[in-house]
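Reading through the structure tokens given below for one structure.
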2 protein chains.
Amino acid sequence: MSLIPIRPGAQSGGGRPAAPAAESGRRDAARNRELLLCAAREIVEESSVDALTMDRLAQRAGVGKGTIFRRFGSRAGLMMALLSDAEAEFQGRFMFGPPPVGPGAPPLERLIAVGSARIAWTLEFGELARAADASAYNRFDVPPAVLWQRHLEMLLREAGVTADPWLMASALGAALEPELLLHSVGVHGIAPERLAETWRELVTRVVGGP
Amino acid sequence: MSLIPIRPGAQSGGGRPAAPAAESGRRDAARNRELLLCAAREIVEESSVDALTMDRLAQRAGVGKGTIFRRFGSRAGLMMALLSDAEAEFQGRFMFGPPPVGPGAPPLERLIAVGSARIAWTLEFGELARAADASAYNRFDVPPAVLWQRHLEMLLREAGVTADPWLMASALGAALEPELLLHSVGVHGIAPERLAETWRELVTRVVGGP
DNA sequence: AATATAACCGGACCGCAGTCCGTTTAGCAT
DNA sequence: ATGCTAAACGGACTGCGGTCCGGTTATATT
């Protein structure tokens, strides 16, 4: 299984433009892309994710608004691009990294570890992740989400959970959604360790551990 | 424990107007309220939830846009009002209805039954429920959501799950979110019975069933 | 170097949710 | 009946995400 690209060519957000797939020659396009990502990071850094409006970004980057949408398809697409590095790093960890998050540990241990890691990751990048959720239906079908779910599915299978692994993975994955985690911590003041502990409990019981 | 009101006085959606709490005298207000709900149902019926824009509704009901926001606080608030009856009926079922959804059956059976019922309910009213989710953080803190989660929490406790029931209920509740259920059925063509079956499996394992 | 052309650029434009504030009116007190 | 006042009304206005299309420019061809 090879790495699933983080930035799908077409964000499919109704965008017709067939996607500027890879680096498609035009150097100004690439330049503007970097310009935009850079300006976007600046805005997020010095204000907040919500402060990143498309008009503001366009003005800041000295670029037309149309250009943003051509490159990224939508606001969510832009956020995904911003998340790309963090997401790739996380994918690398659970697919190729050292145990217990990476391969080499028993499946239950991996489930527990990867859940904790995901919780920590979400608390760090969650605001971006939230903004990157294409609010539409296809939120779950975006490549990184699919890869993540497949991974949970595989771990569950290895751990001996045979019943409908796809749905089981969806259900468990739902417990790690940014919206929920950020809400628990931000609004209800739950400590991150308690989140991890509950995940451990949940997944242990599900795989029928001791 | 008494019934939690479905239509919170203030939707707290940034609305300053202190909420038109109960029926506050003014008859024209009540009239307009019904007018709006009625027109809203018509639009949803003859088109779709997405077709219900505030401008359209205002025009259709022959009422100013400001009036809508005064009464319902936000689009999400309006959707909640539209859902109110269905939600109340469902609350009645799991709180006072006949077993196994209502009280009287063993907790695990109740968990299984109420989950199935919720799935069916969501597939019927899910579009509205989705639109009723205040997209903000407080989505989980709206009265019906709180009541629902408390109920799950109680059932879990009764079933002998001692570890952090609040979070456990959140996690399990996440598996029943409209967004996820509608996506599974609508996009991936999962049969509702499989959803119910997976819920059964999940919750059975969590409470340490056979 | 000159030309052709496909891709790219930018900002005017659209529909939307939500806000604001001057105007109207229902209900009460006299 | 009449006048008072708090409440409700309504539509112009804002800022947002997203689209469109005429003008511009980088690259390939000759």
Side-chain angles (χ1 to χ4, degrees), chain A residues 9-36 39-40 43 47-79 131-136, chain B residues 9-36 39-40 43 47-79 131-136:
Chain A
Q11 205 36 49
S12 102
R16 196 68 56 256
E23 326 315 332
S24 47
R26 281 300 272 263
R27 223 159 8 244
D28 52 348
R31 181 182 49 86
N32 273 349
R33 186 199 164 85
E34 292 316 310
L35 225 58
L36 282 167
I43 293 177
S47 300
S48 74
V49 172
D50 294 328
L52 178 54
T53 69
M54 305 311 254
D55 291 291
R56 219 148 100 83
L57 175 59
Q59 187 177 6
R60 175 92 167 225
V63 144
K65 206 168 152 185
T67 304
I68 305 181
F69 283 92
R70 173 182 344 278
R71 305 311 307 186
F72 302 105
S74 67
R75 198 182 119 104
L78 170 67
M79 296 301 184
D133 280 344
S135 54
Chain B
Q11 204 38 47
S12 102
R16 197 65 56 252
E23 325 314 332
S24 48
R26 277 305 265 262
R27 224 160 5 243
D28 51 348
R31 180 181 50 86
N32 273 350
R33 187 198 163 86
E34 292 315 311
L35 223 59
L36 282 167
I43 293 177
S47 300
S48 74
V49 171
D50 294 328
L52 178 55
T53 68
M54 305 311 254
D55 290 291
R56 220 150 98 82
L57 175 59
Q59 188 177 6
R60 175 93 166 223
V63 144
K65 207 168 152 184
T67 304
I68 306 182
F69 283 91
R70 170 132 10 73
R71 303 313 303 190
F72 302 106
S74 68
R75 198 183 119 102
L78 170 68
M79 295 302 183
D133 280 343
S135 54

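To find a chain, count down the sequence lines: A is the first, B the second, and so on, and within it residues start at 1. Bear in mind the structure is a predicted one, so any value in this text is a computation, not a measurement.
- For B:Phe69, taking side-chain heavy atoms from C-beta onward, the closest of the listed nucleotides C:dC9, C:dG18, D:dG10 is C:dG18.
- Atom C1' of nucleotide D:dC20 and atom CD1 of A:Ile68 are separated by 16 Å, given to the nearest angstrom.
- Spacing between atom CZ of B:Arg70 and atom C1' of C:dG18 amounts to 13 Å, rounded to whole angstrom units.
- Rounded to whole Å, the distance from CZ on A:Arg71 to P on C:dA7 is 12 Å.
- To the nearest 0.5 Å, atoms CG (B:Leu57) and CG (B:Leu35) are separated by 9.5 Å.
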Between B:Val49 and B:Leu52, does a side-chain contact (heavy atoms from CB on, under 4.5 Å) hold up when you go through it step by step? CA-CA 5 Å; B:Val49 171; B:Leu52 178 55; 5.6 Å; no
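- In this structure, the CE atom of A:Met79 is 13 Å from the P atom of D:dC16, given to the nearest Å.
- The interatomic distance linking B:Arg31 (CZ) with D:dA7 (C1') rounds to 14 Å, in whole Å.
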Passes side-chain contact (heavy atoms from CB on, under 4.5 Å), A:Arg71 versus A:Asn32? Steps please. CA-CA 9 Å; A:Arg71 305 311 307 186; A:Asn32 273 349; 5.8 Å; no
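- For A:Arg75, whose side chain is taken as the heavy atoms from C-beta onward, the closest listed nucleotide among D:dA8, C:dG10, D:dG17 is D:dG17.
- Less than 4.0 Å separates DNA chain D from at least one heavy atom of each of the following residues of residues 53-67 of chain B: B:Val63, B:Gly64, B:Lys65, B:Gly66, B:Thr67.
- Distance B:Asp50 CG to C:dG15 C1': 14 Å, rounded to the nearest Å.
- Inter-residue side-chain proximity for A:Arg33 and A:Phe72 is flagged as met; some heavy-atom pair is nearer than 4.5 Å.
- Residue B:Ser74 has its side chain nearest to C:dG18 when only C:dG18, C:dC9, D:dA8 are considered.
- In this structure, B:Arg75 contributes its side chain and B:Met54 its backbone to no donor-acceptor pair below 3.5 Å.
- The two atoms that bring B:Ala39 and B:Ala61 nearest to each other are CB-CB, 4.0 Å, heavy atoms only.
- With values rounded to the nearest 0.5 angstrom, B:Arg60 atom CZ is found 11.5 Å from B:Thr53 atom OG1.
- Neither OP1 nor OP2 of C:dC8 sits under 4.0 Å from any side-chain N or O of A:Asn32.
- Put simply, CG on B:Leu52 is 14 Å from C1' on C:dG15, counting in whole angstrom units.
- Summarising the geometry, the separation between CG on B:Leu36 and C1' on C:dA17 is reported as 16 Å, rounded to the nearest angstrom.
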